[in-house]
Amino acid sequence: MTTDAPPGLSVQDVSLSLQRFGLADYLVFSTMLLVCIGIGVYFGWKDHQKQKHKAASSVRRGSEALDYLVGNRRMKIFPVAMSLVASWISGIALMGAATETYLYGIHFGFIFTGIILMAFSMNFIFLPVFHSLQITSVYEYLEIRFDTRIRLLGSVLFTLATLSHLPIVVFVPALAFNQVSGINIHFITTIVCTVCIFYTSIGGIKAVVWTDVIQTVVMVGALILIVIKGTADIGGLSVLIERNVASGRIEPPNFSLDPTERTTIWAIFFGGGSFWVAKNAIHQMMIQRYLSLPTFRDAQKSLVVFTIGITFLMSICFYNGLLIYATFHDCDPLTTKLARAKDQLLPILVMKVFGDYPGLAGLFISGIFSASLSSLSTGLNSLAAIVLEDFVKPFTKNPLTERQTRYLMRGTVLVFGVIAVVLVLVVEKLGTVLQLSMSLVPISLGPLLGMFLMGMLLPWIDAKCAFAGACTGLTTMAYVVIRAQIAIASKEIVHPTKPVSTAGCTYHFDNVTTVYQDPMIHEEFDNHPIAVEMDNVYREYKSKYNFVGVFSTRSPRIFVTSAELAKSILIKDFKNFHDNEFGGMTDKDLDPILGRNPFMLNGDEWKAKRAEVTPAFTTSRMKSLFSIVEDVGTRMTKYIRQNKNTPLESKELAAKFTTDVVSSCIFDTDAQSFTNEKSEISEQGRKMFDSSFLFVIVMIFMSLFPKLAKLLKIGMVSKSVEKFFTKLMAEAIQYREKNGVQRVDYLEHLISLRNKKEISDLDMAAHGNPDVQARLRNELLNASTDQGTITYDSLLELPYLDQVINESLRLWPPAAFLSKKCTEPIELNLTSTEKKLIETDVCAIIPVWSIHRDPEHFEDPATFNPDRFSPERGGVSPYREKGCFMPFGDGPRQCLGIRFAKMQVKRGVYEILKHFELTVDSKTLEPLQLDPKQFLTMALGGIWLNFKPISV
């Protein structure tokens, strides 16, 4: 392997050995920050001197804003060009370009064609217009050409897109700093952002530009040193070329016309070129610097320097991607988890190349942060310009005084800076939502570019047409971009990466990818299902601790890694953990259905509701409901026969069966799921449990800001769903009472509760392999009556059916984890010799998925083996005793409906296996993977089955 690690080392040892950020490195990094502060103080002092001069002389109104935002339009060409380069190349671009090349090759490197398109467009279309108007806000042009509405639309879109982008700009280099030093990400981001806010607020555009110059020098110097030293270490340029050509990373442009391919020369030129034009020619952060130059000729010169500089810098970034592969060609850091995230690849290369040279690693980190500080400071200064010019001046009757202008601009920088810092603190917890929020940038850029081009090139277009076009463009872009992001997150769109190898690794990484590698878990390093994320934590720490501390959104939690401790929390220490975490997220007034469900209730309310509901699941009631389930099974068989030549998705089939059973047993209504594909009950049920994008947003918002969610009256279930099921329950009750219908079923029990305790209709609506296959079919048929059916008692006495269901629940528990809230402080055993106090309101996460698939508890856990639950081995009892089998939870808060659920599952299985032989259809993705979009454990793409009729 290319990392010189002695034999016997683990990947953790190698990772720690690479964290050699010494005193010299900290001094270099600190010096960079101090220089930035010094520049801000210098220009702040000069500004103070000017204010004293203004007080003694007559100065025209507006000079304060002119000086702070565009340097009185007297900036110099070279510093402005360097500032443009620095603010364009953020830490994201520095590390992202290298990562892109490492993973996908150099195709994206042909973006220089788009850069050329950008340069020509700016020189001949945009800069002449903006410079001749002498404006400060680029969106002021839209008002001059169209009207105020268009201007405000552009300003709002820019503000939202910038605010969503700035936290990422700082967070990504913080990952690099964490990789090389081990220092907490949020600690360093807070310090760096504070420094940036300080020098930007007091120094204005001059401080921004001159700090950018220093930061550009540091950034370019660091990158050049990496190129020179890294290339020499691998044996020269010829070795780099040879290894990358062999892996397919160096290849000619892709001239394919297939629009589904990831990077073609056409997509890069037209798509990438349009993006570069929009991000440079109509973007406040970029144009504001061009407008700080005295003449149009100066702006043209600055554009030339910027184009050459950005092309050179991007080339270095792409080269570094090739260098990373050439260095780690036989031991991929992502596979071994030496790099925990893709953006840590370049920092790992740096520590390998510079780790033994004091100060050089610090220079690299300074370069990465320099790029990000430049983008952050420029963004804050531009936001100050937008607020002043677009949001304040047009709506004030009297012109602002110089003092008011000064305070407004600096206050804007401070406020938006603080917002950026706060967003950085939560940015890594937002996952896919964060990715979607970043989509505001491309969503807004397209329509904005269209408006500017219409204004400059199509003189007959008026304001109404422009506004209509902008709205249409926003809607279209929002759908395309967000739908694409969702498709990527859910792995509907998967782009194959270039090949990697671990054949040359000289350190052990089995303890990270785990001794037992679950075939359900595919390490993609992003968009993980939550079960996979939890499994990584579980397997890394289970041998060391009984639990570890983790953060979920903003809340500290304990993550249980011991089955014995899990059992204790659920049973022995139940009095200390008797509430479910999700109970606190619902409110009976906001969510009348979920808020009254026993699972969501806490404390005394849960005890009272459990006492009410438990009698509904007695043996006599189960027997009375059995015939209803049997009837639904007959309808299901008929449905399958009607579709015998078509593969059926198992989850959808099970949903139809369950919907009909539940609606018949609880609402005394035929849901018609098997006869009407769009039956109203089925559609409303899907709405209630659908993990849509909006549902995910609501869940995350309620988790992050529970009090604000209640204040805003945000509920988990839509009002239309709530009204539908409430009305359905009321109509079922009315029918029974009016017609004197009496049945020993669940609805009858709820009616009796209502009559005794006056519970409402809302309360009532809230309850609401071939060898294995052949063996199970034989058991079911042998238990059948002469009439070809099966009784309730016989169904409960089939041991192999129990084994199959239990093994299915072990591999696919309904929920990947349980989360129990601590209701009384308790000391738990961290290790055999150490205890830790768990405070009230801290939640304990029990990773059911991981415990069920732990080879310590289940031999060969990835194999479907019902015999592990055979009566000879004690059934489920030995596993429950150890606390390693809990598909429905355990203890007093075990699922109340477990008997009812198992009864209908058994009857459904009987009906299917009695009449059909099952095979898996090719539409099923194999090996099975978890669907990252779902909160419950579901297979990505579904499990599609073929049903071959058999004679009984």
Side-chain angles (χ1 to χ4, degrees), residues 80-81 83-90 92-93 96-97 108-133 135 137-142 145-146 150 153-155 157-158 161-162 165 263-291 293 296 299-314 375 378-379 382 438-458 461 466 469-470 473-474 476-477 480-481:
V80 167
S83 177
L84 290 167
V85 171
S87 57
W88 175 266
I89 295 288
S90 65
I92 299 174
F108 194 71
F110 294 102
I111 191 62
F112 71 83
T113 58
I115 296 176
I116 293 172
L117 176 63
M118 174 273 299
F120 275 94
S121 300
M122 287 192 66
N123 186 69
F124 294 107
I125 300 175
F126 296 97
L127 283 181
V129 174
F130 292 140
H131 244 280
S132 63
L133 292 174
I135 54 181
S137 165
V138 68
Y139 306 108
E140 188 177 347
Y141 166 81
L142 295 176
R145 174 62 177 83
F146 298 116
I150 308 294
L153 177 62
S155 303
L157 288 175
F158 169 78
T162 303
H165 181 66
T263 45
T264 65
I265 191 66
W266 316 113
I268 291 171
F269 177 72
F270 292 108
S274 297
F275 177 79
W276 274 75
V277 171
K279 202 75 169 62
N280 284 273
I282 62 166
H283 204 271
Q284 180 68 25
M285 287 172 58
M286 303 299 286
I287 292 297
Q288 191 170 327
R289 256 81 56 80
Y290 287 109
L291 296 176
L293 294 164
F296 170 59
Q300 287 181 307
K301 292 177 181 177
S302 188
L303 173 63
V304 171
V305 177
F306 165 72
T307 303
I308 295 171
I310 202 68
T311 303
F312 173 72
L313 202 50
M314 289 293 290
S375 299
T378 306
S382 298
M438 290 178 65
S439 301
L440 283 171
V441 176
I443 288 172
S444 61
L445 283 181
L448 281 174
L449 179 60
M451 286 192 293
F452 277 96
L453 287 174
M454 281 191 294
M456 295 179 183
L457 301 179
L458 304 175
I461 297 293
L474 277 172
T476 305
M477 285 297 297
V480 171
V481 173

For Lys301 and Val80, what are the C-alpha separation, side-chain angles and deciding distance, and is it a side chain to side chain contact (heavy atoms under 4.5 Å, CB included)?
CA-CA 10 Å; Lys301 292 177 181 177; Val80 167; over 6 Å; no
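- Between Leu291 and Ile135, the closest heavy-atom pair is CD1-O, 3.1 Å.
- Between Ser274 and Leu449 the shortest heavy-atom distance is O-CD2, 3.9 Å.
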Quiz prompt | Derivation and outcome, side chain to side chain contact (heavy atoms under 4.5 Å, CB included), residues Phe158 and Met285 | solution = CA-CA 10 Å; Phe158 169 78; Met285 287 172 58; 4.1 Å; yes
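- The CH2 atom of Trp276 sits 14.0 Å away from atom CZ of Phe269, with the distance rounded to the nearest 0.5 Å.
- Residues Phe146 and Ile461 come closest through the heavy atom pair CE2-O, 3.7 Å.
- In terms of heavy atoms, Arg145 sits closest to Met454 at NH2-O, 3.9 Å.
- The CE atom of Met456 sits 11.5 Å away from the CE atom of Met451 when rounded to the nearest 0.5 Å.
- We find the CG-OG1 distance between Leu84 and Thr378 to be 8.5 Å, quoted to the nearest 0.5 Å.
- In plain terms, the two heavy atoms of Ala470 and Leu153 that are nearest each other are CB-CD2, 3.8 Å.
- Heavy-atom contacts from other residues, nucleotides or ligands closer than 6.0 Å to CZ of Phe126 number more than 12.
- Between Leu448 atom CG and Ser155 atom OG the span is 9.0 Å, to the nearest 0.5 Å.
- Between Phe112 and Phe110, the two ring planes are tilted [angle within 30° to 60°].
- Here Ile282 contributes atom CD1 and Tyr139 contributes atom OH; the two are 6.5 Å apart, rounded to the nearest 0.5 Å.
- Remark: the backbone N or O of Gly455 is paired with a side-chain donor or acceptor of Tyr141 at under 3.5 angstrom.
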Practice prompt. Output, in order, the C-alpha distance, side-chain angles, deciding distance and verdict of side chain to side chain contact (heavy atoms under 4.5 Å, CB included) for Val138 and Met286.
Written response: CA-CA 10 Å; Val138 68; Met286 303 299 286; over 6 Å; no
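- Partners of Ile308 under the side chain to side chain contact (heavy atoms under 4.5 Å, CB included) rule, at least two apart in sequence or in another chain, are Val304.
- The line from OG of Ser382 to CD of Gln288 is 4.5 Å long, rounded to the nearest 0.5 Å.
- The shortest side-chain heavy-atom distance between Asn123 and Gln300 falls under the 4.5 Å cut-off.
- Across every non-hydrogen atom of Met118 and Phe306, the tightest pair is CE-CE2, 3.7 Å.
- Between the side chain of His131 and the backbone N or O of Tyr290 there is at least one donor-acceptor pair closer than 3.5 Å.
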